[in-house]
Number of protein chains: 2
Amino acid sequence: MPPSDLHAHLGYWLRTVSNAVSHRFARRVEAEGVTVAEWVVLRMLYDVEGIAPSVLAARMGMTKGAISKLADRLLAKALVVRRPNPDDGRAHELVLEPAGRALVPRLAELADRNDAAFFAVLAQDERRQLKRILKKIVAERELSDVTTE
Amino acid sequence: MPPSDLHAHLGYWLRTVSNAVSHRFARRVEAEGVTVAEWVVLRMLYDVEGIAPSVLAARMGMTKGAISKLADRLLAKALVVRRPNPDDGRAHELVLEPAGRALVPRLAELADRNDAAFFAVLAQDERRQLKRILKKIVAERELSDVTTE
DNA sequence: TATTGTTATACTCTATAACTATA
DNA sequence: TATAGTTATAGAGTATAACAATA
């Protein structure tokens with residue numbers, strides 16, 4: 001029996017489509033000066049007072065080191081600030097700056113438009129089916145909350 | 001109106017699931033000493049006499065530079081050889097070495113098992129639906145044949 | 001001139017681990 | 001001793017562009 005073809009695997013099709021949509025989105029947010037991972041952090045910070053790097057790492061499935069470097073870049077762009085945690089001398093929190101807060105709705109708009117345009121080739125029922133199946137996998141396999149690769 | 005949530009986008013769910021399955025597979029093929037991109041090249045070379053780097057770049061959606069580096073690694077592992085194209089002094093072809101040929105069925109077996117195990121949480125009909133929808137997107141959006149990120 | 005492929009530079013992210021400061 | 005976070009190193013990928021050899 002010959003070795004199975006690349007196209008035989010669901011993982012292959014998933015990767016192909018996921019890469020295409022993420023790559024498209026990356027090019028668009030790049031015009032606003034941020035990466036996809038930075039957008040995810042900014043969006044998460046929008047809803048709360050502040051988040052510890054360790055929490056970001058856990059929720060995004062990134063390492064502590066990667067989060068540190070990402071935070072450095074957002075700091076350099078003056079989109080966030082680092083704030084020491086008064087209750088724990090070891091801990092920090094990342095907090096949105098006004099410029100970062102102003103950027104989030106613009107990036108969300110880009111995300112909305114990118115998603116709608118990319119998946120416009122599907123019927124509404126197909127989009128519903130796709131989301132349902134993907135959410136089922138996330139739930140059953142207990143995948144981390146937010147990912148960015 | 002508040003900026004839309006990260007979870008609002010199909011691209012987000014796709015990325016989350018795709019990352020999880022690819023990451024799982026990457027860890028498994030790493031045990032055989034190759035990356036996912038290297039597996040894709042080896043599998044493509046299995047069916048044909050040889051492939052030019054430029055063709056690999058086009059089919060895999062990678063840059064020429066990335067293919068060069070990838071080929072260097074496969075060469076260093078003695079899994080492929082570079083062969084000049086007799087008809088065109090500029091062109092090369094990458095060709096599987098016996099060790100590379102022997103590796104492909106083992107990697108294909110890993111891919112089969114990884115895919116089956118990961119998507120076992122879905123019903124058979126859901127797997128069929130998912131593949132059908134993803135293939136429709138690839139066809140309608142004319143995405144490149146093979147991707148590896 | 002255009003094309004094939006390699007090489008170089010720079011950047012994002014990954015993984016591991018050393019390291020500092022604090023609990 | 002364990003934890004929070006930073007920093008360092010190495011590797012795989014991206015992108016762009018310079019470059020050599022050939023068409």
Side-chain angles (χ1 to χ4, degrees), chain A residues 15 18-20 22-27 29-31 33-41 50-77 80-94 144 146-149, chain B residues 15 18-20 22-27 29-31 33-41 50-58 60-77 80-95 144 146-149:
Chain A
R15 197 168 63 219
S18 173
N19 285 353
S22 287
H23 192 260
R24 224 183 98 115
F25 182 50
R27 285 203 313 273
V29 295
E30 192 184 4
V34 296
T35 67
V36 175
E38 287 166 14
W39 142 249
V40 170
V41 169
I51 307 186
S54 53
V55 173
L56 285 176
R59 289 189 58 192
M60 297 176 65
M62 291 173 72
T63 59
K64 290 189 300 177
I67 293 290
S68 271
K69 285 196 287 188
L70 198 163
D72 285 343
R73 291 200 304 273
L74 290 175
L75 239 76
K77 296 175 197 168
V80 307
V81 288
R82 268 197 189 98
R83 196 166 62 183
N85 182 333
D87 300 332
D88 184 337
R90 299 168 303 181
H92 292 174
E93 276 187 342
L94 295 174
S144 72
V146 174
T147 52
T148 56
E149 285 168 53
Chain B
R15 197 168 63 219
S18 173
N19 284 353
S22 287
H23 192 260
R24 225 182 97 115
F25 182 50
R27 285 203 313 273
V29 294
E30 193 186 4
V34 297
T35 67
V36 175
E38 288 166 15
W39 142 248
V40 171
V41 170
I51 307 184
S54 55
V55 173
L56 285 176
M60 296 177 64
M62 291 175 71
T63 60
K64 290 189 300 178
I67 293 289
S68 271
K69 285 196 289 188
L70 199 162
D72 285 342
R73 293 200 305 273
L74 291 175
L75 240 75
K77 295 174 198 168
V80 307
V81 288
R82 269 198 189 97
R83 197 167 62 183
N85 182 333
D87 301 330
D88 184 335
R90 300 168 302 181
H92 293 173
E93 275 188 343
L94 296 175
V95 181
S144 72
V146 173
T147 50
T148 55
E149 284 169 53

Check step by step if side chain to side chain contact (heavy atoms under 4.5 Å, CB included) holds for B/V41 and B/R73.
-> CA-CA 12 Å; B/V41 170; B/R73 293 200 305 273; over 6 Å; no

Report the C-alpha distance between A/L70 and A/E38 in whole Å, list the side-chain angles of each, state the deciding distance to 0.1 Å, and finish with yes or no for side chain to side chain contact (heavy atoms under 4.5 Å, CB included).
-> CA-CA 7 Å; A/L70 198 163; A/E38 287 166 14; 3.7 Å; yes

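Residue A/T35 is in sugar-phosphate contact alone, with no base atom involved, counting any heavy-atom pair closer than 4.0 Å across all strands shown. If you check every strand for non-hydrogen atoms under 4.0 Å, B/S54 touches sugar and phosphate atoms only.
Summarising the geometry, the separation between NZ on B/K77 and P on D/dG11 is reported as 12 Å, rounded to the nearest angstrom. What separates NZ of A/K69 from P of D/dG11 is a distance of 14 Å, to the nearest Å. In this structure, B/L94 atom CG and C/dG5 atom C1' are separated by 11 Å, rounded to whole Å. Rounded to an integer number of Å, the gap from B/L56 CG to C/dG5 C1' is 12 Å. Across the protein-nucleic acid pair, B/L75 atom CG and C/dT6 atom C1' stand 13 Å apart, rounded to whole Å. The distance from atom CG of B/D72 to atom P of C/dT6 is 7 Å, rounded to the nearest whole Å. Per the geometry, CG belonging to A/N19 stands 15 Å off P belonging to C/dC13, to the nearest Å. Atom P of nucleotide C/dG5 and atom CG of B/L70 are separated by 15 Å, given to the nearest angstrom.
In this model, no side-chain donor or acceptor of B/K64 finds a partner on the base of C/dT7 within 3.5 Å.
Nearest nucleotide to the A/S68 side chain, out of D/dT7, D/dG13, C/dT7: D/dT7. Across D/dT14, C/dT14, C/dT6, the shortest atom-to-atom separation from the side chain of B/M62 is found for D/dT14. Side-chain atoms of B/H23 lie closest to C/dA15 of the nucleotides C/dC13, D/dA15, C/dA15.
Contacts between residues 80-93 of chain B and DNA chain D, counted as heavy-atom distances below 4.0 Å, involve B/D88, B/G89, B/R90.
Atom CZ of B/R82 is separated from atom CG of B/L74 by 9.5 Å, given to the nearest 0.5 angstrom. To the nearest 0.5 Å, atoms CD (A/E30) and OG1 (A/T35) are separated by 9.5 Å.
Both A/E38 and B/A71 lie close to DNA chain C; mapped to their nearest nucleotides by heavy-atom distance, the more 5′-ward contact belongs to B/A71.
Taking all atoms of both residues into account, the shortest heavy-atom contact from A/D87 to A/N85 is N-OD1, 2.8 Å. In terms of heavy atoms, A/H92 sits closest to A/P53 at O-CD, 3.6 Å.
Neither OP1 nor OP2 of C/dA15 sits under 4.0 Å from any side-chain N or O of A/T63.
Put simply, the side chain of B/K77 never gets that close to the backbone of B/V34: no donor and acceptor are under 3.5 Å apart.
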